[in-house]
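To find a chain, count down the sequence lines: A is the first, B the second, and so on, and within it residues start at 1.
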Number of protein chains: 4
Amino acid sequence: MQSRTPASRTGRPRSAAADAAILAATREGLVELGWSGLTLSDVAARAGVAKTTLYRRWSGKHELVVDAVAELFDELVLPDRGSLAADIEGVVLQFAAILNRPEAKCGLMGVVAESTRDDALRERVRTSIVERQKRLVLAGRARAQERGELPPEADPEESARTVDLIFDMAAGAVVHRTLVSGKPADEEWARGFTHILLLGLTTPAPNLTPPGKTVS
Amino acid sequence: MQSRTPASRTGRPRSAAADAAILAATREGLVELGWSGLTLSDVAARAGVAKTTLYRRWSGKHELVVDAVAELFDELVLPDRGSLAADIEGVVLQFAAILNRPEAKCGLMGVVAESTRDDALRERVRTSIVERQKRLVLAGRARAQERGELPPEADPEESARTVDLIFDMAAGAVVHRTLVSGKPADEEWARGFTHILLLGLTTPAPNLTPPGKTVS
Amino acid sequence: MQSRTPASRTGRPRSAAADAAILAATREGLVELGWSGLTLSDVAARAGVAKTTLYRRWSGKHELVVDAVAELFDELVLPDRGSLAADIEGVVLQFAAILNRPEAKCGLMGVVAESTRDDALRERVRTSIVERQKRLVLAGRARAQERGELPPEADPEESARTVDLIFDMAAGAVVHRTLVSGKPADEEWARGFTHILLLGLTTPAPNLTPPGKTVS
Amino acid sequence: MQSRTPASRTGRPRSAAADAAILAATREGLVELGWSGLTLSDVAARAGVAKTTLYRRWSGKHELVVDAVAELFDELVLPDRGSLAADIEGVVLQFAAILNRPEAKCGLMGVVAESTRDDALRERVRTSIVERQKRLVLAGRARAQERGELPPEADPEESARTVDLIFDMAAGAVVHRTLVSGKPADEEWARGFTHILLLGLTTPAPNLTPPGKTVS
DNA sequence: ACTTAACCGAGACGGTACGTCAGGTCTTAAA
DNA sequence: TTTAAGACCTGACGTACCGTCTCGGTTAAGT
């Protein structure tokens with residue numbers, strides 16, 4: 001969240017309740033007004049807080065929304081549904097469900113759009129929202145390895161690359177399906193997606209690529 | 001582009017040159033100012049055109065940027081690189097190259113962000129930008145079938161679902177890699193992506209895995 | 001009215017009906033929209049005429065309204081009510097009646113306001129609207145002289161000055177009463193006004209002005 | 001000026017200096033650009049103030065100019081020139097001098113023109129500018145009564161009517177002379193005007209001349 | 001009847017100001 | 001020192017009107 005200067009000892013302390021109220025008001029505003037319609041004046045009014053209070057804690061709309069949205073995605077958990085495929089489907093459906101909430105799609109896409117020209121913001125989005133969800137991929141793989149569905153890691157570097165790839169594919173596909181194609185990422189779709197993803201992960205090395213090009 | 005009513009026979013005709021100038025100015029503005037920094041006043045000034053002319057043809061920033069960005073993605077072609085895998089890699093890299101251009105990422109994410117609260121806009125984005133690129137998937141599959149890399153279609157409905165799925169996965173993965181993860185979608189990445197995608201497509205595994213069962 | 005170039009012999013002649021329609025539409029527009037609300041596009045539409053036609057004949061809103069309003073004041077006539085006082089009262093009431101019509105007050109004050117910074121326009125207002133109403137003062141005086149109520153003119157220069165003064169006093173008082181004070185210039189008021197005006201005109205020379213200052 | 005709600009105790013108080021700067025800038029703008037050329041953007045820029053500050057205090061151009069012009073006419077004073085006639089001449093010349101200033105004529109006629117379609121505005125013009133100058137008529141009469149030039153009041157209602165009439169005649173005549181006839185309201189003219197006005201006031205002629213009868 | 005030139009309607013065009021609104025800073029008094 | 005309140009500057013918004021222009025098409029006078 002925002003940088004808290006612990007050096008200040010004197011004076012009136014900041015209201016702790018205000019933070020939560022502001023973030024909730026932000027999400028409420030996103031639901032009703034969308035990203036571009038959201039104004040900090042409105043957030044302040046909703047939270048029963050002065051605009052100054054808000055600017056004292058966040059540097060602007062971007063950062064505020066990042067924090068407000070991040071809390072949403074932290075709800076994701078990895079369910080144990082008995083198999084790797086089912087676990088993947090479960091996470092995908094959870095992710096799709098969150099992305100269906102208006103505050104999530106508005107807020108996320110808004111900050112992503114801004115982050116195309118603001119590296120600091122993109123980094124903040126990545127660390128506050130995206131990167132921390134890789135825990136799901138890691139946990140899923142670990143559980144699959146326990147079950148014997150996947151072999152243990154060999155090359156740690158290669159392993160990290162694969163996690164990134166899977167993450168981009170999963171998150172990207174759900175976002176594109178939901179926000180661009182405008183169709184529901186439902187169970188059937190999740191099954192099809194998981195099918196393709198899993199086969200690629202579990203099949204060692206193909207012969208379809210022309211000679212001279214190995215894949216993994 | 002905007003709907004042209006051919007019923008108007010009288011009056012001064014609209015300048016054809018203005019359209020091109022405006023769209024080019026829009027892209028230029030996106031490069032320099034980004035989505036949120038782009039103003040229609042600035043576009044008009046760049047294009048040497050009055051603001052009213054702009055509003056006469058487009059209803060606002062959203063629609064204008066959709067048209068301006070759509071022209072970028074129409075540059076995509078399907079190269080014949082000898083195999084399905086190589087073809088996919090080629091298209092993915094082309095797509096990544098376009099998405100690396102600032103006007104493309106700014107503009108695309110900007111309109112997508114807005115479209116989360118505007119169904120008409122999302123439909124416009126879909127038809128003007130996204131949907132027409134499915135031609136690449138269709139052409140790639142046809143060529144692969146000629147080569148014998150893929151079997152001919154059996155169920156047309158299932159086939160359409162697969163095209164959609166592939167498209168969401170490909171477009172989504174590249175976008176997420178480029179814009180969120182912030183890492184380059186380079187040849188190595190494209191190879192990994194293609195590997196996973198292709199195996200899933202070519203392995204005749206059971207498509208209907210019951211929930212809770214393993215896949216491979 | 002507008003300058004007509006008689007040098008043009010060939011080609012389609014201007015529609016005579018259009019002029020009248022335009023002036024009528026102008027007055028109609030003044031009634032409904034007022035001076036500042038009046039637009040030439042609206043006038044053109046009301047008159048069933050293209051904007052170009054309008055600009056071909058008048059150079060702008062100012063001149064058009066001058067012509068449109070001038071026609072209103074040309075309705076003034078000098079009634080023969082038997083005495084100078086009654087004649088003055090009659091004309092004053094007529095003038096007040098015209099000035100009560102919204103198109104008259106709107107239009108007149110509008111062009112007068114503009115004319116404070118445009119000498120050519122003020123001259124046009126004076127010659128087209130104001131000056132020609134001095135005929136009423138002249139006719140009234142002539143009739144009073146016939147009746148023997150006023151002596152014949154002695155000094156023609158002095159006479160002209162007096163006509164101007166009376167005119168300014170009469171027109172100014174009615175305008176101020178109607179438009180600024182916002183009270184009706186009714187019969188009682190006209191009687192009071194006429195009383196003061198006439199006494200001053202018919203009394204030869206006062207002694208109230210301090211020595212060394214003669215009035216007439 | 002604008003109504004100040006003294007109930008507001010909290011928040012940053014309005015800058016008092018801004019008011020004066022804005023009104024001065026308004027007059028400056030009137031001088032250079034005239035009524036129709038005056039824009040609130042320009043006024044704001046001149047006053048070194050944001051447009052919003054301006055709109056926060058005045059509802060529009062009309063009200064702003066009323067206040068700006070009102071200050072001009074508050075400069076009028078009643079000089080003691082020894083006799084009623086001389087006093088009247090003095091005030092008339094002062095009024096003419098103010099009306100000769102471009103900001104005064106532009107502004108006054110502009111708001112009067114607008115007020116022909118806006119009763120609230122006319123009332124504002126009347127109370128803020130016109131009505132308060134009746135003090136001059138009242139003071140002049142009182143002084144003349146002290147001198148014995150005029151008898152004391154008999155009927156207070158009749159007295160008020162006379163004040164109104166004198167005021168309409170004086171103000172109207174000067175305005176018409178200056179702005180419509182376009183000739184200077186100089187000493188000679190003022191003498192002539194005063195002559196007529198005073199005779200009417202001091203001659204105890206029958207006030208109720210039946211219509212159709214001669215006066216003198 | 002046939003030029004021919006000015007006329008006409010429609011409406012696009014480059015400008016400019018409008019009045020509103022959001023962003024972000026500041027100045028108060030109170031807590 | 002923080003807080004609520006709200007005034008402040010900046011700058012874009014989308015609209016409206018101005019006066020000009022460019023079309024296709026019309027209408028008389030002069031041949």
Those residues that, when tested against A/Asp42, pass side-chain hydrogen bond (donor to acceptor under 3.5 Å, both in side chains) (two or more places apart): A/Arg46

Within residues 32-44 of chain C, residues whose heavy atoms come under 4.0 Å of DNA chain F: C/Leu38, C/Thr39, C/Leu40, C/Ser41

Sugar-phosphate only, base, or nothing, as touched by B/Gly48 at under 4.0 Å among non-hydrogen atoms: sugar-phosphate

A/Leu40 side chain near A/Trp58 side chain, heavy-atom distance below 4.5 Å: no

D/Asp119 with D/Arg124: basic N within carboxylate O range, under 4.0 Å: no

Reported CG-to-CZ distance for the pair D/Asp67 and D/Arg57, which is rounded to 0.5 angstrom: 12.0 Å

Pairwise 5' ranking along DNA chain F for C/Gly60 and A/Thr53, keeping only the more 5' one: A/Thr53

Side-chain donor/acceptor contact of A/Lys51 with base of E/dG23 under 3.5 Å: no

Rounded interatomic separation in angstrom, taking CG from C/Leu54 and C1' from E/dA10: 14 Å

With sequence neighbours excluded, residues passing side-chain hydrogen bond (donor to acceptor under 3.5 Å, both in side chains) with B/Arg117: none

Sugar-phosphate only, base, or nothing, as touched by B/Thr52 at under 4.0 Å among non-hydrogen atoms: base

For D/Ser36, side-chain hydrogen bond (donor to acceptor under 3.5 Å, both in side chains) partners two or more places apart: C/Glu114

Length of the CD-P vector between C/Glu63 and F/dG19, whole Å: 10 Å

Partner residues of B/Thr52 under the side-chain hydrogen bond (donor to acceptor under 3.5 Å, both in side chains) criterion, sequence neighbours left out: none

d(CH2, C/Trp58; P, F/dC18) in whole Å: 16 Å

Closest heavy-atom pair and its distance - A/Gly107, A/Val69: CA-CG2, 3.8 Å

Atom pairs under 3.5 Å, N or O on each side, protein against nucleotides 23-26 of chain F: can you list them with distances?
| residue | atom | partner | partner atom | Å |
| --- | --- | --- | --- | --- |
| F/dT26 | O2 | C/Arg12 | NH1 | 3.0 |

For atom CG of A/Leu64 and atom C1' of E/dG24, their distance in whole Å: 14 Å

d(CZ, A/Arg57; P, E/dG24) in whole Å: 18 Å

Short side-chain N/O contact from B/Arg56 to OP1 or OP2 of F/dA16, under 4.0 Å: no

Cation-pi geometry met for B/Lys61 and B/Trp35 (6.0 Å, 45°): yes

Nucleotide nearest B/Tyr55 (side chain, heavy atoms from C-beta), chosen from E/dA12, F/dG14, F/dC18: F/dG14

E/dC26 OP1/OP2 closer than 4.0 Å to side-chain N/O of D/Arg14: no

Of C/Val49 and B/Ser15, the one whose closest DNA chain E nucleotide lies more 5': C/Val49

Shortest side-chain distance from C/Lys61, nucleotide among E/dC8, F/dA7, F/dC18: F/dC18

